[in-house]
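What's counted below: heavy atoms across the whole structure, side chains too, no hydrogens, waters or symmetry copies. Quantities reported herein were computed from a predicted structural model and do not represent experimental measurements. Residue numbering restarts at 1 for every chain, and letters A, B, ... go by the order of the sequence lines.
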There are 2 protein chains.
Amino acid sequence: MTVADERRTDTRSQIREVALALFAEQGYEKTSLREIAERLGITKAAVYYHYKTKEEILASLFDDVAAGIDTIVEWVGTQPAGSETRVEALRRYQELFSGEAAGQLIRFVQESQASFKDLAVGVDMKKRFASIAAALAPGGGSVEDHLRLRLSLIAIHLGAFHTEGLDGSAEERAEAALAIARDLLR
Amino acid sequence: MTVADERRTDTRSQIREVALALFAEQGYEKTSLREIAERLGITKAAVYYHYKTKEEILASLFDDVAAGIDTIVEWVGTQPAGSETRVEALRRYQELFSGEAAGQLIRFVQESQASFKDLAVGVDMKKRFASIAAALAPGGGSVEDHLRLRLSLIAIHLGAFHTEGLDGSAEERAEAALAIARDLLR
DNA sequence: GTCTATAATACGATAGAC
DNA sequence: GTCTATCGTATTATAGAC
């Protein structure tokens, strides 16, 4: 067993895994620490040994995606401005959500924005979503351009997780989402 | 003072008004009955005189929009199938959310889906959104078509309320949203 | 690292007076 | 129609034993 595999099964990581699944499925407020602990066969107090607060668990879930967005934004800065760069950035953005965990995370963001925006991690991620939007902006500042841009990102998000009425394999959904997102950017 | 004006200022209506504003702003779970009562200068018990449960308050908020959707779906049934009918249905759908209250309601739906879907009223409205989607469907059943359709409705929703980065007047937003929604339907 | 036990607080909801 | 007072239950979080 490698170090990475050990990390995957230790309690701290399991807490993240279970919390993410529950947050995505039923939202942040409706998920209690008792519920998380129960699923792992431990007590609430044990959870508190690993994370000081419930919000800290939530915040930890965003580390990878936040770093991924930063990397993309930095990359865009090194490239010539133009449609090719924007489309490639969009593709890389989609790639961030290709894993199961990241798909659950973006489902949570998409379906529980209200729970989210008042917390520190929510404010933080809001800035990151704004930064990737800015990196993708074709320069136009019209209301319609802003709305198209926002919908373009939502297209990617919706393509990243299964939802009723939106069946198909993950690959089909991702392909369709990227095509639509590209169209919306024009 | 007309009867309608009286209705507007009686306690039952005021509860709906305050609850909607709070649900839209901070979500359903995070909004307590104490908070609603406090804003109105009454007690929790007084709120319970008008509504048996918290969920009943929530459900009552959807009456008008639900009826509006049903009316549109019925209307589509009487029209010849075709692009003109679909675009007009989209326009009428948007019209449902033109008022301030309906705008707050659709913001709540858009930003708090998770709170929503497990409740009876959530299941009910989910069916209605599915029915308007079916009425708008161009017949194609591909994953991309489904996603385009869903984004088309989201475009209308996002255009109906103010959000950071999406400024402009309500009319500007609505016009832009309808244009994009129409494009997404193709 | 996990436990039992509990503190402190808030919630939705109800009883009964006025 | 609104009040005070309270019930029962859940929550987040902490203290201290093992």
Side-chain angles (χ1 to χ4, degrees), chain A residues 1 3 5-61 108 112 114-122, chain B residues 1 3 5-61 108 112 114-122:
Chain A
M1 207 191 237
V3 174
D5 282 338
E6 275 182 305
R7 280 271 153 79
R8 266 208 165 172
T9 52
D10 68 13
T11 303
R12 200 179 154 85
S13 297
Q14 282 181 296
I15 290 170
R16 270 203 303 274
E17 197 178 314
V18 167
L20 174 54
L22 290 171
F23 292 166
E25 188 187 315
Q26 60 192 12
Y28 177 70
E29 277 98 6
K30 275 166 79 178
T31 301
S32 69
L33 293 172
R34 178 194 52 74
E35 202 176 357
I36 294 171
E38 248 168 32
R39 279 224 189 171
L40 291 172
I42 59 177
T43 63
K44 273 193 300 181
V47 174
Y48 274 106
Y49 171 81
H50 295 282
Y51 290 98
K52 268 204 286 285
T53 66
K54 186 184 177 185
E55 187 176 350
E56 195 179 289
I57 300 176
L58 179 67
S60 76
L61 299 176
F108 169 66
S112 306
S115 320
F116 192 64
K117 60 177 173 198
D118 291 329
L119 307 174
V121 57
Chain B
M1 207 190 234
V3 175
D5 282 340
E6 275 181 305
R7 282 272 153 77
R8 266 205 165 172
T9 51
D10 69 14
T11 303
R12 201 179 152 86
S13 296
Q14 281 182 297
I15 291 170
R16 270 204 302 275
E17 197 178 315
V18 167
L20 174 55
L22 289 171
F23 291 166
E25 189 188 314
Q26 60 191 9
Y28 178 70
E29 277 97 7
K30 275 166 80 178
T31 301
S32 69
L33 293 171
R34 180 193 51 73
E35 201 175 359
I36 293 170
E38 247 168 32
R39 279 224 188 173
L40 291 172
I42 59 177
T43 63
K44 265 197 304 182
V47 173
Y48 273 105
Y49 171 80
H50 294 282
Y51 290 98
K52 269 205 285 284
T53 66
K54 186 184 178 187
E55 187 176 348
E56 196 179 288
I57 301 175
L58 179 67
S60 75
L61 300 176
F108 169 66
S112 305
S115 322
F116 192 62
K117 61 177 174 196
D118 291 328
L119 307 175
V121 57

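Residues B:Ile57 and B:Leu33 have side chains in contact (heavy-atom distance under 4.5 Å, counting atoms from C-beta outward).
Here B:Ser115 contributes atom OG and B:Lys30 contributes atom NZ; the two are 10.0 Å apart, rounded to the nearest 0.5 Å. Put simply, CD1 on B:Ile42 and OG1 on B:Thr11 are 6.0 Å apart, with the number rounded to the nearest 0.5 Å. Here the CD-CG distance, from A:Glu17 to A:Leu40, works out to 8.5 Å after rounding to the nearest 0.5 Å.
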- Query: Does the side-chain contact (heavy atoms from CB on, under 4.5 Å) test come out yes or no for A:Leu58 and A:Phe108, once each step is laid out?
  - Reply: CA-CA 11 Å; A:Leu58 179 67; A:Phe108 169 66; 3.5 Å; yes
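Interface limits on DNA chain C: the 5'-most and 3'-most nucleotides within less than 4.0 Å of chain A heavy atoms are C:dG1 to C:dT4.
Listed by first then second residue, pairs satisfying side-chain hydrogen bond (donor to acceptor under 3.5 Å, both in side chains) with a partner in residues 43-54 of chain A read A:Arg16-A:Tyr51, not counting sequence neighbours.
Of the residues in residues 46-58 of chain A, those placing a heavy atom less than 4.0 Å from an atom of DNA chain C are A:Ala46, A:Tyr49, A:His50, in numerical order. DNA chain C is contacted by no residue of residues 21-39 of chain A, taking any non-hydrogen atom closer than 4.0 Å.
An angle of 0°, rounded to 10°, separates the two end axes of the helix from C:dG1-D:dC18 to C:dC18-D:dG1, each defined over five pairs.
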Please list every donor-acceptor pair under 3.5 Å in which a side-chain atom of residues 19-28 of chain A meets a protein atom from a residue at least two apart or in another chain.
unit_1	atom_1	unit_2	atom_2	d
A:Gln26	NE2	A:Thr31	OG1	3.1
A:Gln26	NE2	A:Glu35	OE1	2.9
A:Gln26	NE2	A:Glu35	OE2	3.1
A:Tyr28	OH	A:Glu55	N	3.2

